[in-house]
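Nothing here was measured: the structure is a model prediction, and the numbers come from that model.
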Amino acid sequence: MCDACVIEAVKDRMLSRRNFFKTGAAAAAAASTVGLAPPALAQGTTKIADLTHTLTTDFPTFGGEQQFFMEAKAKYAADKYNLFELRVNEHTGTHVDAPLHFSENGASIDAIPVDRLFCPLAIIDIREKATASADAQVTPDDIKAWIAAHGDLAAGACVAMLSGWAAKVGTPGFRNADDKGTMHFPGFHVEAVQMLSETGDVAGIAVDTLSLDFGSSPDFATHYAWLPTGRWGLECTANLESLPATGATLILGAPKHKGGSGGPARAFATF
C-alpha cells in the first residue's frame with residue numbers, strides 16, 4: 001500500500017473514532033435523567049432512570065449544616081490535570097442507611113450482599129396525601145392497597161415511597177422546618193415497616209425525603225424498627241415519578257468502605 005494511502009486510512013479511522021465519541025457524549029448528555037437502555041439490558045428493559053440527586057456543597061441535610069466539602073488539589077491550568085479532595089458525612093445526598101446505622105451490631109455498608117442491592121421496585125404513590133399534609137406517612141393500608149392493585153411484593157423487593165418531595169430539593173421546602181425547627185416531610189410509618197418485616201422478603205425501603213421516618217418523628221421509630229432487621233434504607237431518591245408502580249428494577253451502587261454505617265450512593269432503575 002502506498003504511503004499516501006496509509007495516511008488517508010489512518011485519518012479516516014481517527015475521524016471515525018472521533019465521531020463515535022462525540023455521538024456517545026451527546027447521547028449520554030441527553031439521557032442524564034431517563035434514557036434508553038443499552039443492548040446489554042435487552043429482554044424487555046428499554047429505559048434507565050437516574051434516581052440520584054447531584055451532590056453539591058449546599059445539598060440540604062437533616063441537621064441543616066453543610067456535610068459535603070470539595071477542595072481543589074490540582075487544577076488543569078497549572079498542573080495539567082484536575083484533582084479534588086472530598087470530605088463527606090456518610091448520610092448526605094442520595095445515600096444508603098446500612099443496618100449498622102441504627103443498631104449496635106448490624107451489618108456495615110460493605111457487608112450488605114450485592115444480590116440485595118439489585119431489587120424489583122414497588123413504588124407506593126402517596127403524593128395526594130403528601131400534598132394534603134407534609135406529615136403524611138406510608139401506612140399498612142397503603143401497602144395493602146398496592147398489593148391489591150399489583151399483586152404480592154416480589155422477593156427481594158425495594159418498597160419506595162413517592163411523595164413528590166424530590167422536587168423541593170434546592171429550596172427550604174425540602175427540610176420544611178417550622179418556627180421551632182421541627183421538620184415536616186413524609187416518611188414510612190413504623191407499623192408499615194413492621195408489616196414489611198413480618199410478611200415479605202423485602203431487601204430495603206426508599207424515600208424521596210431526608211429520612212425514612214417522617215420529619216417530625218420524635219424518636220426515629222421507623223429507623224429502629226427497620227434497620228436492625230438486617231435491611232437497608234435509601235434516602236433522598238430522585239425521579240421516582242418517572243417509573244411505573246411495578247416492573248422496574250433498582251440497581252443500587254452502595255459504597256463499600258469497611259465498617260461504615262452508610263454512604264452516598266448512585267442509584268439507577270431499569271424499566
ILVMFWY network linking [X] to [Y], side-chain heavy atoms under 4.5 angstrom:
{"X": "Leu250", "Y": "Leu240", "answer": "yes"}
{"X": "Leu100", "Y": "Val96", "answer": "no"}
{"X": "Leu162", "Y": "Leu212", "answer": "no"}
{"X": "Val88", "Y": "Leu83", "answer": "no"}

*Determine, step by step, whether Asp208 and Arg127 satisfy the salt bridge (Lys or Arg N to Asp or Glu O under 4.0 Å) criterion, reporting the C-alpha distance in whole Å, the side-chain angles of both residues, the deciding distance to 0.1 Å, and the verdict.*
CA-CA 11 Å; Asp208 52 4; Arg127 284 178 289 184; over 6 Å; no

_For a side-chain contact (heavy atoms from CB on, under 4.5 Å) check, start with the C-alpha distance between Phe185 and Ser163, then their side-chain angles and the critical distance, and finish with the verdict._
CA-CA 9 Å; Phe185 52 74; Ser163 71; over 6 Å; no

Report yes or no: do [X] and [Y] form a side-chain donor-acceptor pair below 3.5 Å?
{"X": "Ser261", "Y": "His91", "result": "yes"}
{"X": "Thr52", "Y": "Asp50", "result": "yes"}
{"X": "Asp141", "Y": "Thr139", "result": "no"}

To the nearest 0.5 Å, tell me how far [X] [atom1] sits from [Y] [atom2].
{"X": "Thr229", "Y": "Tyr224", "atom1": "OG1", "atom2": "OH", "answer": "14.5 Å"}
{"X": "Met183", "Y": "Ser216", "atom1": "CE", "atom2": "OG", "answer": "9.5 Å"}
{"X": "Phe214", "Y": "His189", "atom1": "CZ", "atom2": "NE2", "answer": "7.5 Å"}
{"X": "Phe62", "Y": "Leu210", "atom1": "CZ", "atom2": "CG", "answer": "7.5 Å"}
{"X": "Glu71", "Y": "Leu86", "atom1": "CD", "atom2": "CG", "answer": "10.5 Å"}
{"X": "Leu153", "Y": "Ile143", "atom1": "CG", "atom2": "CD1", "answer": "7.5 Å"}

Could you tell me whether the side chain of [Y] reaches within less than 4.5 Å of the side chain of [X], counting heavy atoms only?
{"X": "Ser217", "Y": "Asp219", "answer": "yes"}
{"X": "Phe188", "Y": "Val207", "answer": "yes"}
{"X": "Ile126", "Y": "Pro186", "answer": "yes"}

*Carefully, step by step, assess Val202 and Trp226 under the rule side-chain contact (heavy atoms from CB on, under 4.5 Å).*
CA-CA 11 Å; Val202 177; Trp226 182 250; 3.8 Å; yes

_Between Glu235 and Thr94, is the side-chain contact (heavy atoms from CB on, under 4.5 Å) condition met? List the steps._
CA-CA 6 Å; Glu235 297 173 334; Thr94 302; over 6 Å; no

For [X] versus [Y], what's the shortest heavy-atom pair and its separation?
{"X": "His184", "Y": "Trp165", "answer": "O-CZ2, 3.5 Å"}
{"X": "Ala269", "Y": "Leu243", "answer": "CB-CD1, 3.7 Å"}
{"X": "Cys119", "Y": "Gly156", "answer": "CB-O, 3.3 Å"}
{"X": "Pro264", "Y": "Thr92", "answer": "CG-O, 3.8 Å"}
{"X": "Asp213", "Y": "Ala221", "answer": "OD1-N, 3.2 Å"}
{"X": "Ala225", "Y": "Ser197", "answer": "O-OG, 4.4 Å"}

Is any side-chain N of the basic residue among [X] and [Y] closer than 4.0 Å to the acidic one's carboxylate O?
{"X": "Asp142", "Y": "Lys129", "answer": "yes"}
{"X": "Glu85", "Y": "Arg87", "answer": "no"}
{"X": "Asp178", "Y": "Lys180", "answer": "no"}

*Check each of Leu234, Leu196, Leu227 against Ile205 using the side-chain contact (heavy atoms from CB on, under 4.5 Å) test, and report the only one that passes.*
Leu196

_As a quick check of understanding, evaluate side-chain contact (heavy atoms from CB on, under 4.5 Å) for His257 and Ile109, giving each step before the final call._
CA-CA 7 Å; His257 52 291; Ile109 191 68; 3.7 Å; yes

*Pair Phe102 and Phe220, ring centroids less than 6.0 Å apart*: yes

_Check the orientation of His101 and His223. Use parallel for under 30°, tilted for 30 to 60°, and perpendicular for over 60°._
perpendicular

